[in-house]
Amino acid sequence: MKTRIITGLAGLAFCIIVFTFGENLTWLYSISVAVINAIMCFEFMTAKRVHKQIPLLVLSMLFGLSMPLLVGTPVWYLPIIFYTFLMFLCLIFFSSKITVNGLVFAYAGSMILTLSMSTLAYLMTCMGGWHAFYATISLIGSWSADTVAYFTGTYFGKHKLCPNISPKKTVEGAVGGGLASVVFCVLCAVIFQFVVYKDINMNYPAVLVIGLYCSVVSVLGDLIFSAIKRECSIKDYGSIMPGHGGFVDRFDSVIFCVPFVFLIANTWGLFSII
């Protein structure tokens, strides 16, 4: 647990630094998300040893790296087109080096990860300012739910949530994490309205809805990627974050929450300017 806490604090410090300077240097957001996403694509492929099929590995990592960098441009969709075409073209030119199962696993995983992380990059860079707020609200719901669920489950957990997929997750942990998601999302909005920006009025009902959504989906996202880990007979997707695993282990719930934040931000709106 000590290692997990230290790694978490180091990650928090990194996020604070990037969020602070990214407010005016949005390319920091794009590069950070692109690099993390490329590593996530690699981690996901290692789960089924697909990374040993080099053509699939190279194309997936290039796709994971390029799309978050292009989300704010008129050609944002080109990586999807080229990646899809080239991946399936591998069936012709590298038929002796790749398998259909490996290709489908790599393609599906990289596509899901990259589309979500590219949405995160868009929220961080292309929403007309207030970049740090969009970055924080996109992550805080999921991460607070994961963190509080872990500690609540560790100290108070008695009833297993889904033992066939994730034996350590408990109902008590899920409830604690859900409440934390709502509280931290609202607290985030309060801090940004009254401390950070001071020139906006928050749409608290919208923020509350995001917190409620993340409280449920963060658990489901975690279970989905846990099911994949169990199928692949691995404990973690990586070891880049001691105590947490890999970036996929850290972003597995974020992946399904970010699109909803994007939807709310572009339809309902999260704040108005004073």
Side-chain angles (χ1 to χ4, degrees), residues 30-71 75-121 142 146 162 164-169 217-242 244-259:
S30 298
I31 293 176
S32 298
V33 172
V35 171
I36 290 173
N37 185 60
I39 296 174
M40 287 170 62
C41 290
F42 174 78
E43 289 177 345
F44 189 82
M45 295 176 72
T46 61
K48 216 171 183 62
R49 306 294 188 270
V50 182
H51 66 292
K52 296 181 179 180
Q53 301 179 37
I54 302 302
L56 304 184
L57 174 64
V58 172
L59 288 175
S60 296
M61 290 192 69
L62 286 176
F63 173 60
L65 189 64
S66 62
M67 191 167 178
L69 296 175
L70 295 176
V71 290
V75 295
W76 63 269
Y77 54 87
L78 288 182
I80 300 176
I81 296 173
F82 284 117
Y83 176 60
T84 301
F85 177 68
L86 292 175
M87 281 288 278
F88 285 90
L89 202 63
C90 287
L91 290 173
I92 299 174
F93 293 101
F94 299 102
S95 58
S96 62
K97 297 181 179 180
I98 68 170
T99 63
V100 174
N101 287 340
L103 186 150
V104 172
F105 185 84
Y107 179 81
S110 297
M111 187 64 70
I112 291 170
L113 294 172
T114 301
L115 288 178
S116 180
M117 293 299 284
S118 296
T119 303
L120 177 61
S142 299
D146 285 347
C162 196
N164 293 332
I165 295 177
S166 187
K168 293 184 179 181
K169 286 184 174 55
V217 174
S218 62
V219 176
L220 297 178
D222 200 346
L223 288 174
I224 289 169
F225 279 88
S226 293
I228 297 173
K229 286 193 291 186
R230 180 167 288 270
E231 174 69 22
C232 297
S233 301
I234 60 172
K235 182 179 182 295
D236 295 312
Y237 285 98
S239 57
I240 197 170
M241 302 178 69
H244 294 262
F247 280 128
V248 175
D249 297 286
R250 186 68 280 172
F251 281 86
D252 54 8
S253 55
V254 173
I255 289 166
F256 296 101
C257 291
V258 167

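Because the structure is a prediction, the values reported are computed rather than measured.
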One pair to check against side-chain contact (heavy atoms from CB on, under 4.5 Å): Leu57 and Phe42. What are the steps and the verdict?
CA-CA 7 Å; Leu57 174 64; Phe42 174 78; 3.5 Å; yes
Would Leu91 and Leu103 satisfy side-chain contact (heavy atoms from CB on, under 4.5 Å), going step by step from the backbone distance to the final call?
CA-CA 9 Å; Leu91 290 173; Leu103 186 150; 3.8 Å; yes
Worked verdict on Lys97 versus Ile54 for side-chain contact (heavy atoms from CB on, under 4.5 Å):
CA-CA 8 Å; Lys97 297 181 179 180; Ile54 302 302; over 6 Å; no
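Rounding to the nearest 0.5 angstrom, the gap separating the CE atom in Met61 from the CD1 atom in Ile39 is 7.0 Å. Annotation: the span from Met117 atom CE to Ile112 atom CD1 amounts to 14.0 Å, rounded to 0.5 Å. Remark: Ile98 CD1 to Cys90 SG distance equals 5.0 Å, nearest 0.5 Å. Distance CZ/Arg230 to OG/Ser166: 8.0 Å, rounded to 0.5 Å.
Every residue two or more places apart in sequence or in another chain that forms a salt bridge (charged side-chain N to carboxylate O under 4.0 Å, His left out) with Lys169 is listed here: Asp222.
Scanning all heavy atoms of the two residues, the minimum distance from Thr84 to Met111 falls at OG1-CE, 4.0 Å. Of all the heavy atoms in Ile255 and Met40, the pair that sits closest is CD1-CE, 4.0 Å. Pairing each heavy atom of Asp252 with each of Asp146, the nearest pair is OD1-OD2, 4.3 Å. Of all heavy-atom pairs spanning Ile240 and Gly246, the tightest one is CG2-CA, 4.0 Å. Closest non-hydrogen pair, Cys232 versus Ala47, comes out as CB-O, 3.2 Å. Scanning all heavy atoms of the two residues, the minimum distance from Cys41 to Gly64 falls at SG-CA, 4.1 Å.
With ring centers used as reference points, Tyr83 lies under 6.0 Å from Tyr107. Taking the six-membered ring for Trp and the full ring otherwise, Phe63 and Phe82 have centroids separated by 6.0 Å or more.
By the 6.0 Å contact criterion, CZ on Phe88 is enclosed, its count of non-hydrogen atoms from other residues, nucleotides or ligands being greater than 12.
At least one donor-acceptor pair closer than 3.5 Å links the side chain of Lys229 to the backbone N or O of Lys235.
Tyr237 places a side-chain heavy atom less than 4.5 Å from the side chain of Ile228.
In this pair, Phe225 and Phe44 present their aromatic rings perpendicular. The plane angle is above 60°, beyond the 30 to 60° band.
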